[in-house]
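The chains referred to below are lettered A, B, ... by the order of the sequence lines, with proteins before strands, and numbering in each begins at 1.
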Number of protein chains: 2
Amino acid sequence: MPDDHRAAAVPPRPRRADARRNYDRIVAAATSAIAEHGAEASLEEIARRAGVGSATLHRHFPSRQRLLEAVFHGKVEALCATARDLAAGPDPGEALVAWLRAVAAHVVTNRGLATSLLHGAQDGDAVGASCHAMIVNAGQELLDGARRAGAVRDDVAIVDLLTLVNAICLATEHDPDGAAEAERLLDLVLAGVRPGLPSRTPAAK
Amino acid sequence: MPDDHRAAAVPPRPRRADARRNYDRIVAAATSAIAEHGAEASLEEIARRAGVGSATLHRHFPSRQRLLEAVFHGKVEALCATARDLAAGPDPGEALVAWLRAVAAHVVTNRGLATSLLHGAQDGDAVGASCHAMIVNAGQELLDGARRAGAVRDDVAIVDLLTLVNAICLATEHDPDGAAEAERLLDLVLAGVRPGLPSRTPAAK
DNA sequence: TACGATTCGGAGGGACACCCCGTTTACGCA
DNA sequence: TGCGTAAACGGGGTGTCCCTCCGAATCGTA
């Protein structure tokens, strides 16, 4: 059933050979441009790098959001695969935690992913929600497992956790050593997710 | 001593009467524009509403950040006053929690405040950090009190808490009913901050 | 009142997102 | 293989935005 999502995948795919070629070039150019300048990279420069006119870029990707999703689609799939792997492991609670850390790591190393996914889920944009939906579905299974194992509170939803992870990355991505800060904040949040256990603070001083 | 902060306050103050008049008009126009369009409101439209040229706006506020700080300065002071009031109360732990909720409420009702404060602390901009510093100082006292009362873990810093509050508001401000979501996430985070207490979830299931 | 310093704001440069529309290209079919 | 048509292309134009220059206007003061 999730194949339906992939069938109606991120952007409408081009039919003709040259269109498909340009599409791929644009995604490649966008990938490198975003890696350099973040998700706010100039669309015109992306078109320039891809060797196409700006009109072509806008025809393939009516909004910046669509382009970001095309760029991040592969990474999202990798994240979902990671979730499946972790779900097969022995400790459901640890699996969830490990996956959330993986999500955080992906978001940190892909500037703008957080914002992209966050907004994609909320705009009317039905297609825009596909990446978000994939991740939510993947995370839901891990959360269900962890909940059955009694590792998390009952009133925590997967979107809560993902929103928090995104929020943390969003808030720390401008920080010089945001990674360490993000790590600490994530620990804090995870402590609040466990049912009744006392804190397992690593080095309380 | 914190008066030193106020002495070197947010923006360089205009000296001449007409300059001060325009300054006030710009801040007023920016306040309403930001309330309508968020922190990304067009600077040119703000100048237009204020009835001044765009050059005048840029002379008074060399960066958007400076303008945001001027707009939010009053609210930040109110927040610090709230902190002092709460610090005088009987329960330090509750005082901290109540204050963080107040911070969240202010951020939610002032779109862009979060981003503004977050970035102001990280740019080289010495003046830009003043709002952030005021809030951190105010919160630090509440946290110290709560820690002495044993209401929070030892390894939690006030900047962690403020970053989380900001992050949550940032992540939920585009949501249709972001307020409810923010509330839930804040509960989650606060649960992780308490030393060993089990969750006090209001309505599980 | 008259002077000098400060402030003002219109005009203009550069960058950007986005669109119009004449031209070129690829595909399907005889 | 050759051709007609629909699809795709991209240069150039428009409107917006941020920001700066510099001559004109304004304020405070002697």
Enquirer: Could you go step by step and tell me if A:Leu67 and A:Leu43 meet the side-chain contact (heavy atoms from CB on, under 4.5 Å) rule?
Expert: CA-CA 9 Å; A:Leu67 178 55; A:Leu43 297 182; 3.9 Å; yes
Enquirer: Using whole Å, what does the distance between atom C1' of nucleotide C:dG9 and atom CD1 of B:Ile26 come to?
Expert: 11 Å
Enquirer: Taking side-chain hydrogen bond (donor to acceptor under 3.5 Å, both in side chains) as the definition, give me every residue that meets it alongside A:Asp18, ordered by chain and number, with sequence neighbours left out.
Expert: A:Arg16
Enquirer: Quick one: is C:dT7 close enough that its OP1 or OP2 comes under 4.0 Å of any side-chain N or O from B:Arg59?
Expert: no
Enquirer: Could you check A:Asp144 against A:Gln140 for side-chain hydrogen bond (donor to acceptor under 3.5 Å, both in side chains), going step by step and ending with a plain yes or no?
Expert: CA-CA 6 Å; A:Asp144 288 343; A:Gln140 186 64 56; 3.0 Å; yes
Enquirer: Specify the closest pair of heavy atoms between B:Ala47 and B:Leu57, including all atoms of both residues, with the distance to one decimal.
Expert: N-CD1, 3.8 Å
Enquirer: Output yes when A:Glu44 and A:Arg49 qualify as a salt bridge under the 4.0 Å nitrogen-oxygen rule, no when they do not.
Expert: no
Enquirer: Any chance you could list the contact pattern along nucleotides 25-30 of chain C? Use B for base contacts, S for sugar-phosphate-only contacts and - for none, protein heavy atoms under 4.0 Å, 5' to 3'.
Expert: BSS---
Enquirer: If you count every heavy atom of other residues, nucleotides or ligands that lies below 6.0 Å from A:Glu141 atom CD, does the total exceed 12?
Expert: no
Enquirer: Let me know the distance between CG of B:Leu43 and P of D:dC19, rounded to the nearest Å.
Expert: 6 Å
Enquirer: Donor-acceptor pair under 3.5 Å: do we get one between B:Glu44's side chain and the base of D:dC17?
Expert: no
Enquirer: Just the rounded figure in Å: distance from C1' of C:dC8 to OH of B:Tyr23.
Expert: 18 Å
Enquirer: Return the value, rounded to whole Å, for the distance between atom CG of A:Asn22 and atom P of C:dT24.
Expert: 17 Å
Enquirer: Are any non-hydrogen side-chain atoms of A:Arg66 and A:Pro62 less than 4.5 angstrom apart?
Expert: yes
Enquirer: Quick one, which residues of residues 49-58 of chain B touch DNA chain D with a heavy atom under 4.0 Å?
Expert: B:Ser54, B:Ala55, B:His58
Enquirer: Can you measure B:Ile46 atom CD1 to D:dT16 atom C1' for me and round it to whole angstrom units?
Expert: 15 Å
Enquirer: Can you check whether A:Arg184 reaches A:Leu188 side chain to side chain, under 4.5 Å on heavy atoms?
Expert: no
Enquirer: Starting from C1' on D:dG11, measure out to CZ on A:Arg48 and report it in whole angstrom.
Expert: 14 Å
Enquirer: Provide, to the nearest angstrom, the distance between the CG atom belonging to A:Leu67 and the P atom belonging to C:dC18.
Expert: 11 Å
Enquirer: Under 4.0 Å between a side-chain nitrogen and a carboxylate oxygen: does that hold for A:Glu183 and A:Arg101?
Expert: yes
Enquirer: Once you round it to whole Å, what is the distance between P of C:dT6 and CZ of B:Arg20?
Expert: 16 Å
